[in-house]
Every structure is written in C-alpha cells, then in structure tokens.
Amino acid sequence: MSNEPITLTAGDAEATVLPGNGGRIGGLRVGGTELLRQGERYGCFPMVPWCGRIREGRFRDGAVVHQMPLNSPPHAIHGTARDAAWRTARVTADEAVLTYDLTDPWPYSGRVTQVIALTGDALTLTMSVETYESSFPAQIGWHPWFNRTLDGTGVEIAFDPAWQEERGDDHLPTGNRIDPKPGPWDDCFGMPDGVDVTLTWPERLKLKVTSREEWVVVYDEQEAAVCVEPQTGPPDGLNTLPRLVTPLEPLEATTTWRWTRL
C-alpha cells in the first residue's frame, strides 16, 4: 500500500496519520479541537531504534562501537525512523498499521511495526521491533507535541514520579537519581508502576498519558507545546540500560492517551 496520509475516525475524534513523514500522527482532533502542535516536525513521532540523545552518537554493542550521525550536535537524537517513509500495511476506519524496515545508518536489520488505534475517547499507540538476524540493543518511545493552549486555556501538567534522572550540562543523565524538581523541564523521570501523566486544560479537556513503561521525558520549555514522552529506557539508554532485541524476543511498548471533556 502507499504511504499517503490516513484519516482515522471514532465518535467525534479524528486522527491524521502520516506514514510518509516518519510514521507520525500529524493531528488529533477532539470535537474539532486540535490537540497536537501542527507542522511537519511536530504532531507525534515514534522514537526508534533509540529515544532521546545518544552521547556523541556512539553506542557499544559488545566489543563493537557504532557511530550514529550527529543530528543534534554533539549528540544523536530520537532514532532514525522519524526521518523515513513508513509503509502502510493495513487500514480500517479507526486503526492503521505501519511498518518500517531498519536500514542505514542503523547497523542492524529489523522491522518496526506501529499500530495506531482510535476510539471515541482514546488513542492507543503500540510499537514493536523484531529481528530475524543479529540481536541488537534498541529503545522505543513516542514524542508527542501537545498544544500548550486549547481555545486560549493553558495546560497544567500533573504527575508523581519516583525519581528524576539528574541531567548534566550535556543534557544527558549523569546516572544519579534525584528527588523530582519543579519545572520547567527537559528531563527524564522514573515511574516504576508505569507512566501516568495528566494534562489538564481547565474547563476544556483532561488528557491522561499512560504506559506500562517506567520512563517518561517531560519537556515544557517551549511556548507553543508541551511533550510527554513514554519510553522503554532513559536517554543514552543504548549505553546505560540496553534492551536487547533478539530473534526470539522482540521489543514492544504501548502508550494510551485517554481524554475527558470538562
């Protein structure tokens, strides 16, 4: 199938999926109100095969050191799939299945599958990375840009993390876990019972971001949008906390955004 834009509908919710632009969600409208920041770099893109920054773009797999392009010098950031065209494998009125085959500059072969499922009050994103050849470390995550204001109403962010990954001057975790600090944030937090972050636009909408994963990056340093990014490990996790994809064991993750009118 082609990689033309896809529109999913359920109740009064409508999601635009852009296979040709990194497999991202280009828009999510609830009752006609757009929740995601618009623009070709925004919406919500999948972070795969890594999340956040890799220190100096280098990661080690056994004795081998691999170098990724420095797309956020001096680091490599957010994986390779967001810059690629994905294939549309299947579409129904309220669900799309996309695939992306890992290729250069990523040094291993594998397939990423993303399922985008819409209901009248939720969007669920599921992603898996599988290989039939060499095992390799990988990460999965999502990077949504939620509009800071809806109809002139500013957002409030509420969550209760167990810890915050201390951030060094290079924007990467130092390895120390500290008590969570007040924002503004461009920081990774630990939620060992699963990611659970609530965005509230008073008198407009409440949106809960959940995931079984235990890491979330919260970024609210930008005027137009806030980001709540569930992921399978912390930034630079290919080096510090690698999750191995093997022919017998794919890497899988899911996040759900559930909303309520206020």
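The residues of the chain are indexed from 1 along the displayed sequence.
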Table please: side-chain donor-acceptor pairs of residues 172-183 below 3.5 Å, with sequence neighbours left out.
residue	atom	partner	partner atom	Å
T174	OG1	E166	OE1	2.7
T174	OG1	N176	N	3.2
N176	ND2	E166	OE1	2.9

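Counting heavy atoms from C-beta outward, W142 and S211 have side chains that stay 4.5 Å or more apart. Using a 4.5 Å heavy-atom threshold, the side chains of W259 and L28 count as touching.
Electrostatic pairing of R167 and D186 does not count as a salt bridge here, judged by no charged N lying under 4.0 Å from a carboxylate O. Comment: R204 engages D151 in a salt bridge, judged by a side-chain N to carboxylate O separation of less than 4.0 angstrom. Electrostatic pairing of E156 and K206 does not count as a salt bridge here, judged by no charged N lying under 4.0 Å from a carboxylate O. Remark: R90 engages E95 in a salt bridge, criterion side-chain N to carboxylate O under 4.0 Å.
The ring of Y219 has its center no closer than 6.0 angstrom to the ring center of H143. Centroid-to-centroid, the aromatic rings of W50 and F59 stay 6.0 Å apart or farther.
Within a 6.0 Å sphere centred on CG of D160, other residues, nucleotides and ligands contribute 12 heavy atoms or fewer. Sparse packing is recorded around CD of E249, with 12 or fewer heavy atoms of other residues, nucleotides or ligands lying under 6.0 Å away.
Annotation: the span from I140 atom CD1 to Q114 atom CD amounts to 9.5 Å, rounded to 0.5 Å. Atom-to-atom distance recorded for T119:OG1 and L8:CG is 11.5 Å, nearest 0.5 angstrom.
Side-chain heavy atoms closer than 4.5 Å link hydrophobic residues (I, L, V, M, F, W, Y) into clusters, and following such links, even through other members, never connects W163 to V218.
If you check the side chains of E133 and S109, you find a donor sitting under 3.5 Å from an acceptor. There is a side-chain donor-acceptor pair under 3.5 Å between T16 and R29.
Take D101 and apply the side chain to side chain donor-acceptor pair (under 3.5 Å) test, not counting sequence neighbours, and it matches R111.
Taking the six-membered ring where tryptophan is involved, the planes of F136 and Y108 are essentially parallel, since the angle between them stays under 30° and well short of 60°.
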